[in-house]
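Accompanying notes for the structure given below.
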Amino acid sequence: MQSLDPELKKAMLSKNAKPAVVYWNRLEGRPRKVEIDRTLKVEIRDPLWMLCRQWQVGEFHAEDAGSAVAAKVQINTTRLNRFAARGGQAVPYDESVPLEATVESEHIFSPADEGAVTQLQLRVEMGQHWLKLLLQFTEINYRVQYLQKYGFIDPGEIADPTPEEKLGLAHLRSDRKAWQVFAAVKDRVIDGAKLMMAIHSGDHLVWLENDSGINDATEKERILKAATAFIEWFRRIYHQPGDETGTSWAPAYLEYQFTCSAPNDESGRSKTVLTAEQYHQGHLDSYAFDIDPTGEAMPDEDSTTQDENIFEVRAPLSFIPTQIEFTGMPNVRWWTFEDRQTEFGHLRTDTTDLATLMLAEFGLIYGNDWTVVPYDLEIGTLAEIKGIVVTDVFGVRTFVRPAGSGPDDDWQHWNVYNQSTIGPPGPADTRLFLAPAIGKLQEGKPFEKVILARDEMANMVWGVEQTIPGVLGSGVDGYETATALENFFRQNEGEQPTTPEETDAKIQYKLGTTVPENWIPFIAVRTPETDRMVQLQRAAMPRLSDAIPESIVEPRSKLLRHGLDSPEPEPYHVHQEEVLRAGVVISRGFQRTRWFDGRIYTWVGRSKQTGHGEGASGLAFDQIIPVDQ
């Protein structure tokens, strides 16, 4: 062995010497043979070391337990058979229609739209389809008769128009694109919405029999068949509620409220009432329902015969327990490689991250204590698990009751998948409700969007119509539409802005400022029942235009027009607790989905979301300002 250089040895032993690694050598297996099969096996040379490690961590401690090898479950099921909208009549529940569509759907056209030009594109499409049906069912073209009766009416041709009709003409002509389309289809295309509403009301049949000029009875029958096909065609495309269903939207709460029920026994005399009072997020699932043990939420039902086999006592199901698995689950067995999708060692949690800590504890400690029961249930089923009998390897049978059994007000009672019970505390309801929820929903761009924001300086709430339905049917900007309407008045009605008289005054008195027409005020008023409760009532701002004297600004969106389109207009109130400090955003648009039978449903629905903070309108009264401002 070669001796170390004395000078180098002296330098290495000095205080100034610092150790350094001048090259690296990887710690890895290096095969000494050409074949690498045995090397890739990564054999362990000392199995006794592994046994010692297992003994050290307590793996050899015996437990007085056995592995589950067989199980048997007993379940009773019942399905929804009644539905009632908010304050409406209880009707049979139709399983062929998604529950979201039943709850949210509303009429696309209302009687208030009959004299106005709204949703022009859809009206034209309906009118063109009617002309195709006439050519298909009849031998003579009756296009001229229907154009005279159900053609588009130009608001500008109305003699001595009312302020509302004059305002409707201004809305139409202020939208240049809509006015061009209207001018192109006028006297050429039938107003399909007007015809459809006439068929529903019976006016079309009266006109066909008396004033249509069609005398051939055979042709009349063919036209009536075409009218039936016209209504069926529209129903296939757009789902609308029936006349007996009513609406589930609660305007005062800005949410949907409805009730469903299911029988508790084979006789159908006893029932379970499921009520949803705060559904607004657009996705309906079991967490939206609460159980009403008194049944007061469900209106009186008729004597309609119950469907057979809705309540079913199912035969016990035997199965082999299968361990549950989830993504990132730690391996139960020792010395197995994991996929490392979840690295529990790198969890960074605070004292407030309770959900993260519970998830980690479940994965590390209780993850292998859960088994899967393969049980098929129909949608809309309320399942009651009577119990599970588990047999282990020693032949011992254990009867497992529902985990959430006991009093509902017990502080230790906790269950994720059960419904809460309305009313005084009582026994917990451990049934599992499989709601008929939609798996995937397509939402169109909203054609109505309103922001309810608090204005602390003005001490009121504003309903800002950010998006309003345009004349063509799509959504348009509310502020731009209001500005275009104001410019239309100034250009076509000869309105000139007033200029103040020149004086030597240094200050001026300003009675009040204005806000854009798409800002609808809500003021605080007392409720009729008490003097201490306050709610928000829709108000109105005056339109400062000489073109339409004594006119007030009304909302353009149906979200804020509640009570205005009825024969006797009524005020609209919103509970003040529904408008938080952050505000509320309400939207209205088309929804589309495919149901389990393959049918496509399209309807108009609403949704509510949290806003983005307070608003500032700049509204002020009785101001003294300098003249130069």
Side-chain angles (χ1 to χ4, degrees), residues 58-59 61-80 262-266 270 272 274 285-287 289-291 293 309-333 354-355 357-421 425-435:
E59 274 294 299
H61 290 179
E63 297 180 357
D64 188 11
S67 303
V69 294
K72 184 177 294 186
V73 60
Q74 173 65 49
I75 295 181
N76 295 345
T77 61
T78 182
R79 298 202 312 272
L80 301 179
N264 286 337
D265 49 29
E266 296 178 354
S270 176
T272 298
L274 297 168
D285 213 332
S286 59
Y287 49 75
F289 295 88
D290 295 326
I291 294 180
N309 299 328
I310 288 183
F311 180 85
E312 182 180 359
V313 180
R314 300 199 176 188
L317 174 66
S318 300
F319 63 97
I320 298 177
T322 304
Q323 183 178 348
I324 192 173
E325 295 181 357
F326 54 89
T327 303
M329 176 179 178
N331 289 326
V332 179
R333 299 181 61 87
L354 182 60
L357 295 175
M358 291 176 61
L359 178 62
E361 185 178 7
F362 169 78
L364 295 173
I365 301 177
Y366 305 103
N368 60 339
D369 295 340
W370 291 71
T371 58
V372 180
V373 181
Y375 209 100
D376 295 333
L377 295 175
E378 297 82 3
I379 60 171
T381 298
L382 193 64
E384 181 180 7
I385 303 176
K386 292 296 185 179
I388 302 177
V389 178
V390 182
T391 305
D392 58 19
V393 293
F394 300 106
V396 179
R397 295 183 178 181
T398 304
F399 182 71
V400 182
R401 294 180 173 85
S405 302
D408 194 20
D409 59 343
D410 189 356
W411 70 275
Q412 293 182 337
H413 173 74
W414 183 78
N415 204 318
V416 178
Y417 300 104
N418 291 152
Q419 272 64 47
S420 302
T421 303
D429 196 308
T430 59
R431 289 176 292 181
L432 173 67
F433 179 53
L434 183 60

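Here the structure is a predicted model, which is why all the values come from computation and not from measurement.
The two residues P263 and R79 come nearest to each other via the heavy atoms CD-O, 3.6 Å. Considering all non-hydrogen atoms of both residues, A435 and S286 come closest at CB-N, 3.8 Å. For the pair L377 and A383, the tightest heavy-atom approach, listed with the atom from each and the gap, is CD1-CB, 4.0 Å. Scanning all heavy atoms of the two residues, the minimum distance from A315 to Q74 falls at C-OE1, 4.2 Å.
With sequence neighbours excluded, the residues satisfying ring-ring contact (aromatic ring centres under 6.0 Å, His included) with F289 are F258, F433. Listed by chain and residue number, E384 satisfy the salt bridge (charged side-chain N to carboxylate O under 4.0 Å, His left out) test with K386 (two or more places apart in sequence, or in another chain). Here D429 pairs with R431 under the side chain to side chain donor-acceptor pair (under 3.5 Å) rule; sequence neighbours left out. For the ring-ring contact (aromatic ring centres under 6.0 Å, His included) test, residues two or more places apart in sequence or in another chain that qualify with F362 are F326, W370. Residues satisfying the salt bridge (charged side-chain N to carboxylate O under 4.0 Å, His left out) criterion with E378, sequence neighbours excluded, are R314.
Among T322, V73, I75, the single residue meeting the side-chain contact (heavy atoms from CB on, under 4.5 Å) criterion with V373 is V73.
Taken from CG in L434 to CG in D376, the straight-line distance is 10.5 Å, to the nearest 0.5 Å. Between the OG1 atom of T371 and the CD1 atom of I320 there is a distance of 12.0 Å, given to the nearest 0.5 Å.
In this structure the side chain of I385 never reaches within 4.5 angstrom of the side chain of L432, judged on heavy atoms. Side chains of T272 and T78 form no contact here, defined as non-hydrogen atoms less than 4.5 Å apart.
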Could you please spell out the steps behind the side chain to side chain contact (heavy atoms under 4.5 Å, CB included) verdict for I291 and L274?
-> CA-CA 5 Å; I291 294 180; L274 297 168; 3.5 Å; yes
Check: residues 387-403 side-chain donor-acceptor pairs under 3.5 Å, at least two apart:
from	atom 1	to	atom 2	distance (Å)
D392	OD1	F394	N	3.1
D392	OD1	G395	N	3.1
D392	OD1	V396	N	2.8

